[in-house]
Number of protein chains: 2
Amino acid sequence: MTIAEVSQKYDISADTLRYYERIGLIPPVPRTPGGIRDYDEESCGWIELMKCMRKAGVQIEALIEYVALFQKGDVTIDARKELLMEQRNQLVDRMAEMQESLDRLNDKIERYEQGLMTKEKLLQRMKQEREKGQS
Amino acid sequence: MTIAEVSQKYDISADTLRYYERIGLIPPVPRTPGGIRDYDEESCGWIELMKCMRKAGVQIEALIEYVALFQKGDVTIDARKELLMEQRNQLVDRMAEMQESLDRLNDKIERYEQGLMTKEKLLQRMKQEREKGQS
DNA sequence: GTAGCACCTGGAGTAAACTCCAGGTCAAGA
DNA sequence: TCTTGACCTGGAGTTTACTCCAGGTGCTAC
């Protein structure tokens, strides 16, 4: 597969694909004799994995380290597992924070829906109460 | 409250607090006659809200717009609600992506746990099979 | 009233993750 | 063979969200 095809398949720019390879986020992609990238299934697998991880906010740094460990072979299995668990924990934490934010957003939206959200409205109401009381 | 106190309270640097105000992520903070920031409860509320939203990955751009709308008063209530809903939807989408990534991480970790994960191991096993067959 | 520390502003610098570009190769069609 | 369009590399530029700094001001304690 050419870089253009892979780019289209995963909706990642060719520049980004080259960049990912350059920094070691994916292992070296096979080349034609002319030096042009010829992505195989394995390369695509890496790309898909990284797309998934990156969308979830996993740091490129950590992913590069994972790939480096992977390329060092079986002796790094424990280290790789460790790394994945660390990333999973961070992910779980981030999701919890997002849930908090989501609850809050839903709350705010609901209050807007009921038309009693804004401080302005509340202040206005209080003012009206005061005026009523005085009259 | 001084900026140092607020900084400590929310674990946000004074520089960041000034930056947030400068770019309009929070409305202007009240000042002492000498020009020094004197955060009141309302300011703190904004800061806390923004801390929560930022941690969840909500773009500063959108939050600035929300604050701007807020400061324009009641006529912007619909627009604000719209904005919040848009952000909520994005948040929900991101969380779904993260869940996907989390599932995948858990899957990978589990396979490492069972010691049958690595392609190396699989290849090795296949090689052994072949050798056995040949001998 | 002056030393010293926290605070102020405007602007420059930084980190992460791309994104773009110049100048040069590769390869398929006319 | 020549053209043309996709691809190559190394390096510079961009965006987002801070973070740092220089030069100056405001309080508080001596």
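Bear in mind the structure is a predicted one, so any value in this text is a computation, not a measurement. Each chain gets a letter, A, B and so on, in the order its sequence line appears, and its residues count up from 1.
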Between [atom2] on [N] and [atom1] on [X], what's the gap in Å once rounded to a whole number?
X: A/Gln8; N: D/dA6; atom1: CD; atom2: P; value: 13 Å
X: B/Lys51; N: D/dA17; atom1: NZ; atom2: C1'; value: 16 Å
X: B/Ile23; N: D/dT15; atom1: CD1; atom2: P; value: 16 Å
X: A/Ile3; N: D/dT9; atom1: CD1; atom2: C1'; value: 12 Å
X: A/Glu5; N: D/dC7; atom1: CD; atom2: C1'; value: 13 Å
X: B/Tyr39; N: C/dA6; atom1: OH; atom2: C1'; value: 13 Å
X: B/Met50; N: D/dC18; atom1: CE; atom2: C1'; value: 16 Å
X: A/Glu61; N: C/dA15; atom1: CD; atom2: C1'; value: 11 Å

(request) Would you indicate what A/Ala14 reaches in the nucleic acid, counting non-hydrogen atoms under 4.0 angstrom: base, sugar-phosphate, or nothing? (result)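 If one applies the 4.0 Å heavy-atom cut-off, A/Ala14 turns out to touch nothing in the nucleic acid.
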(request) Select base, sugar-phosphate, or nothing to describe what A/Arg22 touches, counting heavy atoms under 4.0 Å on all strands. (result)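 Base, at least one base atom sits under 4.0 Å.
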(message) Measuring centre to centre across the rings, with the benzene-like ring taken for any Trp, is A/Trp46 within less than 6.0 Å of A/Phe70?
(response)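 Close enough - the centres of the two rings lie under 6.0 Å apart.
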(request) Check whether any side-chain N or O of A/Lys81 sits under 3.5 Å from a backbone N or O of B/Glu113 as a donor-acceptor pair, and report yes or no. (result)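 Here the side-chain-to-backbone pair does not exist.
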(message) I want to confirm an ordering. Mapping B/Gln59 and B/Arg18 to their closest nucleotides on DNA chain D, which one lands closer to the 5' end?
(response)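 Looking at DNA chain D, the more 5' nearest nucleotide goes with B/Gln59.
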(message) Quick check: on DNA chain D, is the nucleotide nearest B/Ile36 upstream (toward 5') of the one nearest A/Asp15, or the reverse? Name the residue that is more 5'.
(response)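 Whichever sits nearer the 5' end wins; that is A/Asp15.
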(request) Indicate whether any N or O donor in one side chain lies under 3.5 Å from an N or O acceptor in the other, for B/Glu110 and B/Asn106. (result)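 Their side chains do not contain a donor-acceptor pair, so the 3.5 Å distance test is not met.
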(message) Can you see whether B/Arg80 engages B/Tyr66 through a side-chain donor-acceptor pair at a distance of less than 3.5 angstrom?
(response)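 On atom types as modelled, these side chains do not qualify, holding no pair under 3.5 Å.
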(message) Pick the closest DNA chain C nucleotide for A/Ser13 and for A/Pro33 by heavy atoms, then say which residue is nearer the 5' end.
(response)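 Closer to the 5' end of DNA chain C: A/Ser13.
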What's the closest nucleotide to the side chain of [X] if the choices are [options]?
X: A/Thr32; options: C/dA27, C/dC18, D/dC18; answer: C/dA27
X: A/Ala4; options: D/dT19, C/dA17, D/dC7; answer: D/dC7
X: B/Arg37; options: D/dC18, C/dC8, C/dT19; answer: C/dC8
X: A/Arg54; options: C/dC7, D/dA17, C/dC18; answer: C/dC18
X: A/Arg31; options: D/dT9, D/dC27, D/dT19; answer: D/dT9

(message) OP1 or OP2 of C/dT19 versus the side-chain N and O atoms of A/Thr16: is any pair under 4.0 Å?
(response)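 True: A/Thr16 side-chain N/O within range (under 4.0 Å) of C/dT19 OP1/OP2.
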(request) May I ask you to evaluate whether B/Tyr20 reaches the phosphate of D/dC18, defined as a side-chain N or O under 4.0 Å from OP1 or OP2? (result)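 For D/dC18, OP1 or OP2 has a side-chain N or O of B/Tyr20 closer than 4.0 Å.
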(message) Here's a test for you: under side chain to side chain contact (heavy atoms under 4.5 Å, CB included), which of A/Arg94, A/Lys55, A/Met98 qualifies with B/Arg94?
(response)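 Exactly one option meets the side chain to side chain contact (heavy atoms under 4.5 Å, CB included) with B/Arg94, and it is A/Met98.
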